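Quick caveat, the model's predicted, so the values are computed rather than measured. Values below: all heavy atoms of this structure, side chains included; hydrogens, waters and symmetry mates excluded. Residue indices begin at 1 and follow the sequence shown.
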Amino acid sequence: MATLELYSKGASVWIPDPDAVWVSAQLLQDYSHGEKHLLLQLSDGKEINYPVSSPTGLPPLGNPDILEGENDLTALSFLHEPAVLHNLRVRFLGYSSIYTYCGIVLVAINPYEQLPIYGEEVIDAYSGQDMADMEPHIFSVAEEAYRTMTREEKNQSIIISGESGSGKTVSAKFTMRYFAVVGGATQQTSVEERVLASNPIMESIGNAKTTRNDNSSRFGKYIEIGFGRKGDIIGANMRTYLLEKSRVVFQASAERNYHIFYQLCASRELPEMRSLRLGESQSQAYTSVCSQNITITAPSHDVWSIISTLHVMELFRILSAVLHLGNVNIQASGRNSDRSYIDPGDRSLAVFSKLLGVEGPQMAHWLCHRRLAVGGEMLVKPMSGQQAVEARDALAKHIYGQLFTWTVQRLNSALRTQRGQAKSFIGVLDIYGFETFDRNSFEQFCINYANEKLQQQFNRHVFHLEQEEYIREELAWSRIEFSDNQQCISLIEGHLGLFDLLDEECRMPKGSDESWVRKLYDQHLNSEPHPHFQKPRMSNSSFIVLHFADMVQYECNGFLDKNRDTVFEELINVLKASQLFQQQGNVSSVANGSVRTGKRAIREHKLTVGSQFRQSLQLLMDTLNSTTPHYVRCIKPNDLKQPFMFDPRRTVQQLRACGVLETIRISAAGYPSRWTYEEFFSRYRVLLQGPQSEEQAQASIRKALPQLIPDPDQYCFGKTKVFFRAGQVALLEKLRAERLHVAAVIIQSRVRGWMARIRYTRILWAAVTIQRYWRGALARRLALTLRHTKAAIVIQKTYRMVVVRQLFLMIRQATITIQAFTRGTLARRRYRQLVAECAAVLLQARVRGWLARQAYRRVHAAVVFMQCCWRRRAARRELLKLKTEARSVEKYRELNKGMEVKVMQLQLRADQEVGGEFQMDLILAALRAELDEERRKYQGLLREFTRLEQRYDNLREMSLLTEVQPPNFFFLFMTAHQKPQKDRLHPESELGASVSLSHPAVTAVSHPTLYFTFPIWLPLTGGGPQGQRDLLRQESLNIRVDSALSLPPGLPASVLFLCVRQADCSGDQTRARSLCSAAVTAMKAALKVTSGFEPAWSTIWLWSNIKRAVHVMSGRLSLTENDLIRALSDLCIQAYQQLLSITEKRLQNIIVPALLESETIPGLSAVKLGTSRKRAGSDPRNVGCDVLTMASVLRELGALHTALSRQALPPTLMEQAFHQLTYLISATALNSLLLRKDICCWSRGMQIRYNVSLLEEWLRSRGLQAGGAVGTLEPLIQAVQLLQAAKKTDADAGALVQTCTTLSSQQVGPFILTLYTPHSDLDERVTLNFIRTVQGLLKGRSEGQPPQLLMDVRRVFPVTFPYLPPAVLHAEQLVIPDSLKISFLHRA
């Protein structure tokens, strides 16, 4: 019972409603003890008076708004039915989240729609993650079971239950698919593929359409998936429970038979199916009830192949025979129709007999007759038409039941491991949930009995976990009382229980359903009244059982026949004569039932269906009790099968039936709310007293909590947590809100006083300012008067001065004028005298100059004459020479004429090319895109070929690889010639000199560390050229890893090229090709050996040398080099992909902790409001281990960048490599962000953005931004901006949509916004209206590809190797270190 103080004005409560089950209301006034009514206001504004008889009759309180949409129901402050229902509705309709935790139970609501949350990228995101860190998902439960199994080496079980149509089978399939991916077999046995292939087969023969589900499982199954020591799947085994055989011969209206029958009818036109003589499904008696077509995918031929083709055709023959048996026409005869017969020409009987290989007349006879033993004699008694039809239907059910059992056995044989005993297993139980219909029969009785047993096991397991938690925290606790359904189970299976009386009645010769019901009434109503057994008022042929989930009325009609499930022995004997049944086993070994013979004295009583079901169920319970269980409860939200439609009445009914509310009740009976001391201190620091430091948080809490909650029974202190009973967290929230309210009032009063003082100060300053300005105006007025008086005096003085000055200036001007005229006259006179003197001097100069020029001309003419004579003589000599050359001018003219024509043609062609330049650009762009796509496909095929080749070599050379020493990487292939030949390609221009080896032997050098091995080709002296080519042998040298990395870049590739070129120039093509083939083979072997070693320095070294070998050999050998260059190019791509694979493995485990979880900016961490969720087998977080930060990621990338730089690789290749790695970092981080609610907050967004900025800065500092490495981080950056941006108004929604251009609509709307969780009171949740606004804007955005939830972390970008012109190599330029000990390499 919650604290009465919480029923105050404004509090939210839940009241019952006939349609919505529970509706929310708000208190309009405080509740006082003793009041009989509560004044409430509904959500539609209507006010009502809610009657309250006593404090225990108060309506349930609502949880705080901050807990709305919580992903764990046990984290709610108030644990009751309306809170659970409301939280599930908000998550399902508002957030589109179909999964929710309820303690150790995963509640899965069927969305009736395909959701993009089950791809391989989602499996990768959940693999290896802790259950408490990720959003609820079926993969999270599977991962928890898998991790617990591998860590504790204990068997696990996943119990999936729910009513028909709730999604149990789909959940089981996704669970097994997860195990198949994370525990895939490394060998070629591929057991995981067979496990997945068994699902469609079992669905085909065990599923049918019902009124509630189009693909309802009509049997229960428990699949044990066996795992080896390395966690890989090595086998599986399947157990089935209670197949509904009555569906073979009878289906209710709007229901169908098993899918396999309709699939056979639909395939009747296939050549291999024509011999079955089947018609349409409407023409078959057993499949004509419902003609509605539903889309159920039939198992493919590859799926059926796990049984074998021969057995599959036999299976189809038997199934077809069952359909034909239903068409057999049994006619009544005799006076009272006490006899029956079958027409000898009945076509269906003939086809049935032919398919099964039995005698048709015998089958027809024993279908209409039975054998009785009377007085020691055997009599044959005819049966009526109704009895014969029942015998025929019983035979059909028996055949189908035997076939179902045989199919399960064949599947188990196919799934059985051939690689030893499984170390542990995980069982997946797909069991029917609690069922109640308008008419309940024997099947519902067995199903509900099974659910009673599972509910008892579930309650005890939940109680055991609660007890373990209390013991671990050393709490002084008292036993929690929970409703044990042992009384109901004893009523069903106990001494003289329902099953005992049913079996006893089945053994009676004239037992009937009516007599059995009377015995039930006598035993459990009259003799010993049982609290869980009742009799209906209006019926004497039914009884009522009070189950844990609901009260169910069962109709007794048909109980005895279904429990016996008998078949006449004569019909069994007829089937025994069939060779088909002899191959499949003994048909008389009935799985569920008995064989009825005519001999009463020696009648063999087989186990009844109920007894066998009890035994198999007990075996299942023993198995479940020996494992660690994990629970999945599937909920059907509506009966109309509409996507995302929530019916609260149907949902509450299932919650009560599947045990979710019982889990809530057990949790509420103890201490459901659990906080660590750090979380409590961070949230409720305002309520504590004393020192406010996290180091003394526990002491402060222990001191302050008794003052906050006076009742010590409402809380308890543990070692690491403080525990609260239901409703106490809400009380603390109320106290915290009141304390904050009081603090806010104080702050407001202080602020208002400060504002009043500020206002008074401003008014005072304004008055003083006004006075100052008025006094200034008066002073300025006086100053203006004084200024005017002074100005008048100045004007008078100035005027007088101007008059006197004008007179002075006039006299002065006259004097200056007279002086100017006088001085001008004197100056002109002197000027005329000077002009006359200058003219005389000029005449003298001109005359003297003329005389000098005359003398110069005479001398110049004489000199020119002499030069002309000499030049004329030289010109005559040149003329003779030109006349000689003039004879060849015509030839040059003809050549020039041809060149002019060619120039004109070239000009015309150039003009045409310029005209089509635009079209050529478009064609070129399309060709480039096609080239990139083909390059990506080719590299993908090459990667797949490499993987398959690796698997083949591992299996073929397993014994050899086990003896290989630590990996050897350095490879050089060198050869020399003994008999030099003519150099056809002038090798001196590039080689400079020949190369020869003259060392007799090479000794391997051993070192205590890692070594590289390279084979060297040595020629042997003696013999002719042919003998030298035949006597080539291969030696090995060992070199340390650090020595190899310190070698000059490309040294092995250069030596290899020189040796191959030497052999090529010598004319020995066979020798050169042999050397190239050996080099390629050695490179492949080296890549295989280095594939598993970390770090990737050896792969980098190999890659750089292979790439350099491709460049130096391109176009420089006379031998056919296409195959060699292609092989080397493929090896180069393989080495590149192997390098990325090794680096990605090293980065995979540090990306999420470093990028998302590390707190690079101190002081931004926040504690989430909620409780710690416990899990069965969950390992605690590692404490004291090294914290991974962005420095770890940058350290790995920096080491890789340094190693690549040392090998002198082109910058474009490094850009492509880091483009792939940054995409992996971005995709992994974004996928984890989309699945973790605890990270989706503003403060964490700041941390992530800062970490991403560090990575961006690192990429730009290395010059890697040109290759698109920074662009791959854009989705993660936009997701972080989405966490930091405002999310309230429509303008904010538009800004978000414009910002998030690289994120899909699935990523923006239903996940990031719905997962956003405020970690402080300053932040708010994103409202549903805002989310719907964003979704509406996103619908108008056209996307190039279908929206997906998670990014594909396995995407591989195609790599392009740039062409580099090969450099000129000379043998004398090679510097081979002495550490290699190959001094025998010298110039010839």
Side-chain angles (χ1 to χ4, degrees), residues 928 932 935-936 939 1045 1049-1050 1094-1097 1099-1108 1111 1132-1133 1135-1148 1150-1152 1154-1156 1158 1160 1188-1230 1248-1281 1301-1302 1351-1364:
R928 286 178 179 174
D932 292 338
R935 182 183 293 113
R936 184 186 64 79
Q939 293 177 6
L1045 295 177
E1094 298 181 0
W1097 315 138
T1099 305
I1100 296 174
W1101 189 76
L1102 285 172
W1103 177 38
S1104 63
N1105 283 282
I1106 295 173
K1107 181 181 177 302
R1108 192 174 295 272
H1111 287 162
C1132 190
I1133 296 175
Y1136 171 81
Q1137 295 174 350
Q1138 183 172 305
L1139 166 65
L1140 293 182
S1141 177
I1142 295 175
T1143 308
E1144 288 175 357
K1145 289 180 181 178
R1146 294 179 61 85
L1147 289 173
Q1148 192 69 44
I1150 65 176
I1151 292 176
V1152 174
L1155 200 61
L1156 302 184
S1158 64
T1160 314
L1188 296 174
T1189 61
M1190 279 302 297
S1192 305
V1193 177
L1194 299 181
R1195 190 182 307 114
E1196 292 288 340
L1197 296 179
L1200 177 63
H1201 183 270
T1202 303
L1204 293 176
S1205 301
R1206 289 180 179 175
Q1207 299 302 320
L1209 292 173
T1212 55
L1213 279 181
M1214 298 176 63
E1215 292 172 357
Q1216 294 181 73
F1218 281 93
H1219 177 261
Q1220 181 70 49
L1221 294 177
T1222 52
Y1223 173 80
L1224 171 70
I1225 294 174
S1226 177
T1228 304
L1230 181 59
I1248 299 173
R1249 186 65 186 93
Y1250 179 74
N1251 293 336
V1252 174
S1253 66
L1254 294 179
L1255 181 58
E1256 289 180 304
E1257 182 181 357
W1258 185 90
L1259 292 172
R1260 290 190 175 93
S1261 65
R1262 267 68 175 180
L1264 301 173
Q1265 69 276 8
V1270 178
T1272 58
L1273 301 174
E1274 191 62 26
L1276 181 59
I1277 295 175
Q1278 292 184 6
V1280 174
Q1281 291 176 349
T1301 56
T1302 61
M1351 297 179 66
D1352 185 10
V1353 295
R1354 301 181 182 180
R1355 180 184 179 185
V1356 178
F1357 296 98
V1359 59
T1360 303
F1361 296 98
Y1363 172 75
L1364 299 177

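When all heavy atoms are compared, the tightest approach of Ile1277 to Glu1256 is CD1-OE2, 3.2 Å. Closest non-hydrogen pair, Leu1230 versus Pro1275, comes out as CD2-CB, 3.9 Å. Here the shortest heavy-atom pairing between Thr1272 and Ser1226 reads O-OG, 3.0 Å. Minimum interatomic distance between Ala1217 and Leu1140 (heavy atoms only, all atoms of both residues): O-CD2, 3.9 Å. Across all non-hydrogen atoms, the minimal contact from Gln1265 to Val1270 is CB-CG2, 3.7 Å. Scanning both residues, Gln1220 and Phe1357, for their nearest heavy atoms gives OE1-N, 2.8 Å.
Within 6.0 Å of OH on Tyr1250 lie no more than 12 heavy atoms contributed by other residues, nucleotides or ligands.
Tested against Ser1158 for a side-chain contact (heavy atoms from CB on, under 4.5 Å), the candidates Ile1248, Leu1188, Asn1251 yield a single pass: Asn1251.
Here His1219 contributes atom NE2 and Leu1259 contributes atom CG; the two are 11.0 Å apart, rounded to the nearest 0.5 Å. Separating the CD1 atom in Ile1142 from the CG atom in Leu1147 is a distance of 12.0 Å, to the nearest 0.5 Å. Rounded to the nearest 0.5 angstrom, Gln1281 CD and Gln1278 CD are separated by 6.5 Å. One distance of note links OG1 of Thr1228 with CG of Leu1224; it measures 4.0 Å at 0.5 Å rounding. Distance check: Ile1151 CD1 to Arg1146 CZ gives 13.0 Å after rounding to the nearest 0.5 Å.
Evaluation of the side chain to side chain contact (heavy atoms under 4.5 Å, CB included) rule for His1201 yields Ser1205, Met1214, Phe1218, Trp1258, Arg1262, Leu1264 as partners, not counting sequence neighbours.
Under the 4.0 Å criterion applied to side-chain N and carboxylate O atoms, Arg1354 and Glu1144 are not assigned as salt-bridge partners.
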If you apply the rule side-chain contact (heavy atoms from CB on, under 4.5 Å), what do you find for Leu1221 with Leu1200, and how did you get there? CA-CA 11 Å; Leu1221 294 177; Leu1200 177 63; 3.4 Å; yes

List the steps, then state whether side-chain contact (heavy atoms from CB on, under 4.5 Å) holds for Leu1254 with Val1193. CA-CA 10 Å; Leu1254 294 179; Val1193 177; over 6 Å; no

Residues Thr1143, Glu1196; criterion side-chain contact (heavy atoms from CB on, under 4.5 Å); working and verdict: CA-CA 8 Å; Thr1143 308; Glu1196 292 288 340; over 6 Å; no

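With hydrogens and angles left out, the side-chain atoms of Thr1302 and Glu1274 include no donor and acceptor closer than 3.5 Å.
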